[in-house]
There are 2 protein chains.
Amino acid sequence: MTLENEHCNVVATLRKAGLSRTTQRMAVLKVMIQADGPLSVGEILKRTDLEQRINKVTVYRILSSFKENSIIRELPTDHGMSLYEMACLHNPVHPHFYCKTCRTMSCLPPLRLSQALDWFAGPSTFRIDDVHVHVNGVCRQCQERS
Amino acid sequence: MTLENEHCNVVATLRKAGLSRTTQRMAVLKVMIQADGPLSVGEILKRTDLEQRINKVTVYRILSSFKENSIIRELPTDHGMSLYEMACLHNPVHPHFYCKTCRTMSCLPPLRLSQALDWFAGPSTFRIDDVHVHVNGVCRQCQERS
DNA sequence: CATTAAATGCAACTTGATTGCAAATATTTT
DNA sequence: AAAATATTTGCAATCAAGTTGCATTTAATG
């Protein structure tokens with residue numbers, strides 16, 4: 001198995017971010033790049049374990065550093081658990097659908113929301129209960145404080 | 001202190017939802033109606049405690065029943081914690097800004113997102129790191145299963 | 001007022017996530 | 001290349017949000 005898929009390159013991504021190429025970071029990044037959709041920490045652990053066992057804490061720290069460097073995006077859920085996805089050029093910001101029953105997050109096409117809703121109203125549809133627009137950042141006071 | 005503010009009425013809201021008028025439910029709903037913005041469970045506890053001590057578990061159960069009856073909306077955050085706000089006519093769905101530093105959630109005007117972003121770029125600005133559109137509901141398989 | 005159903009409180013527990021610190025691994029310097 | 005330094009990792013313990021089971025209390029019903 002190679003260290004790159006059709007899209008992103010593990011080594012290049014880490015270098016660009018100025019992060020050292022540790023075995024664990026490479027394994028996590030590889031799993032993220034090859035993911036079919038947003039992954040939980042548990043799922044990331046399962047997938048990296050296939051090749052090498054990584055400590056849960058290490059995965060959290062790696063994800064945290066990836067997030068700081070905008071390599072990945074974090075998607076919080078209603079169930080006190082976050083999911084993670086690549087934030088690379090090949091995976092631009094897009095809406096997500098979260099099933100509150102099976103707790104699965106799926107990606108919506110990066111359309112205007114109205115179109116996305118039409119798309120969802122199609123044949124194999126979901127029941128939509130609510131739509132949240134969530135802006136993350138740092139408020140003025142916190143910026144001034146640092 | 002009365003049981004209604006300029007907007008919503010505690011008793012009417014509970015009756016409409018078919019929920020019994022317990023002391024605790026009324027206290028929580030009153031706090032929610034009088035809230036200046038989304039509240040955490042901890043904050044709700046603090047505010048209800050001023051008049052009567054309510055168990056944490058009870059608050060969770062009350063919020064859960066309010067959510068099921070669309071009396072409130074739940075807003076999950078990056079920090080494994082949810083915030084809650086009224087879902088009444090006077091508080092229509094709108095975007096939120098979450099400061100990842102002080103962990104405060106503030107409401108954005110219910111404008112088109114592009115306008116809201118302009119608004120945010122104004123004089124007293126926030127630093128925006130990312131915008132998430134999050135659709136909650138039940139996926140097809142889970143619907144069929146129930 | 002008595003009966004029945006629903007809601008609450010408490011204690012214990014589950015789970016996602018974090019912290020402190022020692023050991024291991026990378027990077028830098030000589 | 002080896003030694004010195006800085007970074008990263010793993011483990012154990014811990015924290016905090018949220019949940020569950022069950023006995024008790026409170027509200028709704030007749």
Side-chain angles (χ1 to χ4, degrees), chain A residues 10-11 14-15 17-29 31 38-46 48-49 51-69 71-72 74-84 98 100-105, chain B residues 3 10-11 13-31 38-46 48-49 51-69 71-72 74-84 98 100-105:
Chain A
V10 170
V11 173
L14 289 178
R15 186 171 39 225
L19 295 171
S20 57
R21 311 212 272 93
T22 67
T23 316
Q24 293 85 339
R25 274 210 265 251
M26 298 214 287
V28 171
L29 186 49
V31 163
L39 300 180
S40 65
V41 169
E43 190 58 38
I44 293 169
L45 274 167
K46 242 188 256 164
T48 50
D49 275 2
E51 292 178 38
Q52 46 222 301
R53 165 158 258 89
I54 306 181
N55 189 277
K56 179 185 64 149
V57 180
T58 304
V59 171
Y60 277 109
R61 286 194 276 231
I62 287 174
L63 291 174
S64 169
S65 73
F66 284 0
K67 220 181 92 182
E68 272 165 27
N69 286 280
I71 294 174
I72 58 170
E74 179 182 0
L75 313 170
T77 74
D78 273 19
H79 293 101
M81 179 185 54
S82 282
L83 302 176
Y84 301 86
Y98 183 67
K100 51 179 76 164
T101 303
C102 63
R103 306 188 177 190
T104 313
M105 178 97 69
Chain B
L3 282 185
V10 169
V11 174
T13 304
L14 288 178
R15 185 171 42 226
K16 198 178 152 198
L19 295 171
S20 58
R21 311 213 275 93
T22 67
T23 316
Q24 294 83 340
R25 274 211 264 252
M26 298 215 286
V28 170
L29 186 49
K30 183 175 149 198
V31 163
L39 300 179
S40 65
V41 169
E43 190 57 38
I44 293 169
L45 276 167
K46 243 187 257 167
T48 51
D49 274 3
E51 292 179 38
Q52 47 221 303
R53 164 157 261 88
I54 306 181
N55 189 278
K56 177 187 67 151
V57 180
T58 305
V59 171
Y60 276 108
R61 286 194 276 232
I62 287 174
L63 290 175
S64 169
S65 73
F66 284 0
K67 219 182 93 181
E68 271 165 27
N69 286 280
I71 294 174
I72 58 170
E74 180 181 1
L75 313 170
T77 74
D78 274 17
H79 293 100
M81 177 185 55
S82 282
L83 301 176
Y84 302 86
Y98 182 67
K100 52 179 75 161
T101 303
C102 63
R103 306 189 177 189
T104 313
M105 178 96 71

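By convention in this document, chain letters (A, B, ...) are assigned in the order of the sequence lines, proteins followed by strands, and residues within each chain are numbered from 1.
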pair [X]-[Y]: side-chain heavy atoms closer than 4.5 Å:
| X | Y | answer |
| --- | --- | --- |
| Ile44(A) | Leu63(A) | yes |
| Arg25(A) | Ile71(A) | no |
| Glu68(A) | Ser64(A) | yes |
| Ser40(B) | Arg103(B) | no |
| Leu75(B) | Tyr98(B) | no |

For DNA chain C, whose closest nucleotide is more 5', that of Ile54(B) or that of Arg103(B)? Ile54(B)
Atom-to-atom span, [atom1] of [X] to [atom2] of [N] - whole angstrom:
| X | N | atom1 | atom2 | answer |
| --- | --- | --- | --- | --- |
| Asp49(B) | dG9(C) | CG | P | 10 Å |
| Leu39(A) | dG16(C) | CG | P | 15 Å |
| Gln52(B) | dT8(C) | CD | C1' | 13 Å |
| Ile62(B) | dT19(D) | CD1 | P | 14 Å |
| Leu45(A) | dG10(D) | CG | C1' | 13 Å |
| Leu14(A) | dT27(C) | CG | C1' | 15 Å |

Arg53(A) (side chain) and dG10(D) (base): donor-acceptor pair under 3.5 Å: no
First locate atom CE of Met26(A), then atom CD1 of Ile62(A), and finally report the distance between them rounded to the nearest 0.5 Å. 11.0 Å
When rounded to the nearest 0.5 angstrom, what is the spacing between CG in Leu14(A) and CZ in Phe66(A)? 5.0 Å
Applying a 4.0 Å non-hydrogen cut-off, can you work out what Arg25(B) is touching in the nucleic acid: base, sugar-phosphate, or nothing? sugar-phosphate
Below 4.0 Å: OP1/OP2 of dC11(D) and any side-chain N or O of Asn55(A): yes
Could I get a table of every N or O pair under 3.5 Å where one atom is in the protein and the other is in nucleotides 27-30 of chain D?
unit_1, atom_1, unit_2, atom_2, d
dA27(D), OP1, Thr23(B), OG1, 3.4
dA28(D), OP1, Arg21(B), N, 3.3

Does His79(B) offer a backbone N or O that forms a donor-acceptor pair with the side chain of Thr77(B) under 3.5 Å? yes
With distance as the sole test, does Asn55(B) use its side chain to make a donor-acceptor pair with the main-chain N or O of Val57(B) at under 3.5 Å? yes
List every contact pair, protein side and nucleotides 15-18 of chain D side both N or O, where the distance is under 3.5 Å.
unit_1, atom_1, unit_2, atom_2, d
dA17(D), O3', Gly80(B), O, 3.2
dG18(D), OP1, Ser82(B), N, 3.0
dG18(D), OP2, Tyr60(B), OH, 2.6
dG18(D), O5', Tyr60(B), OH, 3.4
dG18(D), N7, Lys56(B), NZ, 3.3
dG18(D), O6, Lys56(B), NZ, 3.1

